[in-house]
J.: 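Structure below; questions to follow.
Keep in mind it's a predicted model, so treat the numbers as computed, not measured.
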Amino acid sequence: MDNLFVIYDPSFLALVWPKIKNGVHLSLDRYCWGELRVLFKDYLDGRAWAYKTADATGRYSASFFSGKKFWLGSKEQCRLLNEAYQSREENETWGEFYSGDYLNTLLKRENRYGNNHQDWHALVERDELMKRVVKADNSPPFTLEYSTLRVELNLTKFSLAKSYDVTLGVCLPRSCTAEDVVSIINFSIMLNDHLKSNNSLSRSVKVTSIRQTPGYDIKEDVVAVLTILITFIFVLLAFVATLVDLEIFAVEHKTLNLETNKLKDINGFERKPESRPVVVDAVMKNSYNISTLKLSDLKMPPSITLGVVPMEGTGNCTRCGKYKKQCAISRQFESLPPCPRVKYNSCASLTTEYKKKNGYLKSLLLSFSLKHSWMRIFNTNMANKDLSVIHAVKIIATLWVIFINVAVTVSYISESGDINENKTMYNILTTGTLAFDTLFFVSGIFSAHHFFYLKGRYSVKQLVACGGPCGQASQVICFVTNRIIRLLPPYIYTIFLSTALARVSEESATLSFLYSDSRNCHKFWWRNLLYISNYYPTEEQCMQISWYLSTEAQLHIIGAFLCFLLTTQKKRWVAFTAVLLLFIPTGFDVFTAFSEVGHRFSDVFMAYDVIILSPWSHVTPYILGILTGWLVYRIDGLLTVSKVSSVCLWVSSTLGALGSCVASGVGVGWLTAWLHLVWPAAWIWPALVCSTKFAYKTRELLNSSLVAGASRLCYCSLLLHGPVSRYLLLSLDAAICSNFICLWCYFTGILVVTLVAALVLSLLVEMPTCAFLRRLADLANR
């Protein structure tokens, strides 16, 4: 049975090595040949370092058919042997040992003490000669290197037999190149099958790839050096800007009361400088109820409204974020009309905060202040608090996606068995369809909300400085490009970071992934920046999440065009376009699902590609999100539906959600293809109800800075979880367990590290660059 699984046999190679010739039986580099001759000679002579070298090489143990196909040996032991290496020039013990003097002395002492091991160890401890002999016996005479090979092993003679991919770790002299290592392994396989086993084995063995791990040297990695340099620049900017921000705050607070010039509020009325702290405290710190504020308390002329419009007989209606919504005074006033929007001459947002008169450069520098970025991340003043439930769903969907991708990574580098037979992993992958569909649905809602917010609050001329068809087209273009440019800085930084971390893992980790981020990000980074990576094969994609970012960016363009059509009077065109975008991708999914019946997956990444990574299958949930956002805008906070209709819609939504969960677990291809339509459709009614009737209850979710911050960190978490999970899991240097408890432990640890990294990335890169670009645009428009 052991002969059936032998791939590299150092014992048998040591016996036959003196009888073969280099260039005749196999062709190796002369340095590699010479060091192998020493290795196999010392193996036969019983040297400790040769035994340890062979022991560091992986081999078959047991439970091969249960999925244990990582024969890794011990990379750590090979590394320790390499550290113990002593060259002939540095240590005379090498020459003396092989001249026979030390060896003869050792043998005489060993015969004298016989089996009394305690006295023998005592002699070694106190005798300098013995110390040198033992040290030489455990030190290799040359450097060693650990390599991993992917071997395709077929154990039967049937033409349709199943092949197994074995990962074998070998410890050999560093002078042996990758081609030399493959030649040695193939020669050992040939000897075992034809000479040792006398052609009695029915197997076939083929080396498919090899990866050597010489160790990572940062001086040879330009990308890593650039990443460190960029990080240092951002940290330096943040440090300086934070100090400047704190000093300016203290100085200007003192000089503000001494200032004699009159300041103007947003409506152009003059006011005294000392009135600023009252207004700032009332509006920014929410220490007052705006509905009960008296104009005399604000020390301002009575024309200031602060977004408060009185309503006869009901008190005042509070402003809900930046968007007009139904007043949430009490349940007895649910039938009231929506709060009217207040019009202003300026397109600037309503604020009474005193704007510090800084220079251009200082204003741009303050964009990188950690204090400013921290306040932006955990600011509870969201654009529309009525969509608080959608923010919560976004957080859950993001965590869900991270769990899916971590599970895929764990399954690939663990001894989890065949993906076609691992029902747990297969069910996790099928739920990944629902997770990504939820993200696309939520993204469509936010995209539509932002578009209609701009469309309803500002005129086209205020947004793009021109009117007519040209202005409308420019508005759509700016709506698309602004978002893409805003998301690029953290995306670019993560590409650099992912490339560097992947390079570290490839040159030092025992295991590797099927797709190399180091190679792909180095060659195909421009596809990520253009958001077109989903058009290329998976094996050429940089970062696992890039297909989602590219698809979502392209759908954002389609969604902007659809939102523009919804603002026109061409209802037929809108309905026709929506029907096409909803049912054509769904029909295509159902058709391809029938063609993939009985399909077997070679690995978990192939299963991920087939089940989840079908980019245009997610058009349907995104378009449904766009239509949901449009409905939220149209009903304007007032939802009038009869109780019977409401009950029917709730029942339909519940059945659709539960049915989608059950269908994803069944695993029937043509049935799960309909989930792209059914699952997001089941969320339309809850989204509408939570943003209208229950808005005054659900707003409390976003009153928590923790929830608001988690929602803003979702984008950076999606960017970072792939590089973080791969680097941390590969750093274990061993095949990991894949049961459900282990999976949750890995997910929890990776999630914590990802959230911390996302917070740092948002503080240093995302929020500062957004503020910098915004202030730069403001300065350019002055």
Side-chain angles (χ1 to χ4, degrees), residues 322-325 338 341 347 383-384 386-387 390 437 439-487 531-532 534 550-588 615-639 676-677 680-681 683-685 687-688 691-692:
K322 300 178 182 178
Y323 200 62
K324 72 167 189 175
K325 285 295 164 193
R341 185 183 292 108
C347 63
N384 190 345
D386 290 344
L387 295 178
I390 306 302
D437 283 348
L439 270 185
F440 280 109
F441 176 73
V442 168
S443 179
I445 293 179
F446 285 133
S447 179
H449 158 255
H450 186 54
F451 183 91
F452 293 119
Y453 158 67
L454 294 175
K455 195 74 174 179
R457 182 173 175 82
Y458 308 123
S459 66
V460 176
K461 219 166 188 181
Q462 285 177 321
L463 290 173
V464 293
C466 63
C470 177
Q472 293 177 346
S474 300
Q475 181 185 359
V476 175
I477 295 174
C478 291
F479 178 74
V480 173
T481 55
N482 284 343
R483 181 180 181 277
I484 292 177
I485 294 175
R486 181 180 68 83
L487 297 179
Y531 295 98
I532 57 173
N534 56 323
S550 298
T551 305
E552 202 247 358
Q554 295 160 19
L555 289 176
H556 183 67
I557 299 175
I558 298 175
F561 176 72
L562 185 59
C563 289
F564 171 74
L565 291 180
L566 289 170
T567 60
T568 64
Q569 301 299 322
K570 301 177 180 180
K571 304 298 182 184
R572 293 183 178 179
W573 281 102
V574 175
F576 177 74
T577 304
V579 169
L580 287 179
L581 293 176
L582 287 176
F583 290 100
I584 289 181
T586 304
F588 178 76
W616 293 109
S617 300
H618 303 284
V619 173
T620 301
Y622 192 89
I623 299 303
L624 287 175
I626 292 290
L627 296 178
T628 304
W630 176 72
L631 288 174
V632 172
Y633 166 77
R634 289 290 297 176
I635 60 181
D636 206 11
L638 185 62
L639 184 63
H676 297 295
L677 178 62
W683 284 95
I684 294 178
W685 174 246
L688 293 178
S691 62
T692 53

J.: Can you confirm whether V476 sits close enough to F561 that some side-chain heavy atom of one is under 4.5 Å from a side-chain heavy atom of the other?
T.: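 Of all side-chain heavy-atom pairs linking F561 with V476, none is under 4.5 Å.
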
J.: Out of curiosity, Y531 OH to E552 CD, how far, rounded to the nearest 0.5 Å?
T.: 9.0 Å

J.: Does the side chain of S550 reach to within under 4.5 Å of the side chain of I532, using non-hydrogen atoms?
T.: no

J.: For A560 versus F479, what's the shortest heavy-atom pair and its separation?
T.: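 That closest heavy-atom pairing would be CB-CD2, 3.7 Å.
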
J.: If we only count heavy atoms from C-beta on, is the L624 to F440 side-chain gap below 4.5 Å?
T.: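 L624 vs F440: side chains apart.
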
J.: If you round to the nearest 0.5 Å, how far is CD1 of I626 from CG of L562?
T.: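 That separation rounds to 6.5 Å.
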
J.: Got W683 and V442 here, is their nearest side-chain heavy-atom distance under 4.5 Å?
T.: no

J.: Nearest 0.5 Å, what's the CD1-OG1 distance between I623 and T628?
T.: 11.0 Å

J.: Answer with yes or no whether the side chains of H676 and T620 bring together a donor and an acceptor at under 3.5 Å.
T.: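 Side chains of T620 and H676: no pair found under 3.5 Å.
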
J.: Would you say the side chain of Y633 lies within less than 4.5 Å of the side chain of H449, judging by non-hydrogen atoms?
T.: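 No; the side chains remain at least 4.5 Å from each other.
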
J.: If we only count heavy atoms from C-beta on, is the V632 to F452 side-chain gap below 4.5 Å?
T.: no

J.: Hey, what do you get for CG (N482) to CG (L487), rounding to the nearest 0.5 Å?
T.: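 N482 atom CG to L487 atom CG measures 11.0 Å (nearest 0.5 Å).
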
J.: Once you round to the nearest 0.5 Å, how far does OG of S691 lie from CG of L639?
T.: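 Going from OG on S691 over to CG on L639, the span is 8.0 Å.
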
J.: Between Y622 and S443, is there a side-chain heavy-atom distance shorter than 4.5 Å?
T.: yes

J.: State, yes or no, whether a side-chain contact exists between F451 and F564 at a heavy-atom distance under 4.5 Å.
T.: yes

J.: In Å and rounded to the nearest 0.5 Å, what is the CD1 to OG1 distance from I635 to T692?
T.: 4.5 Å

J.: What heavy-atom pair brings L555 and H618 nearest, and what distance separates the two atoms?
T.: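 Looking at all heavy atoms of both residues, the closest pair is CD1-O, 3.7 Å.
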
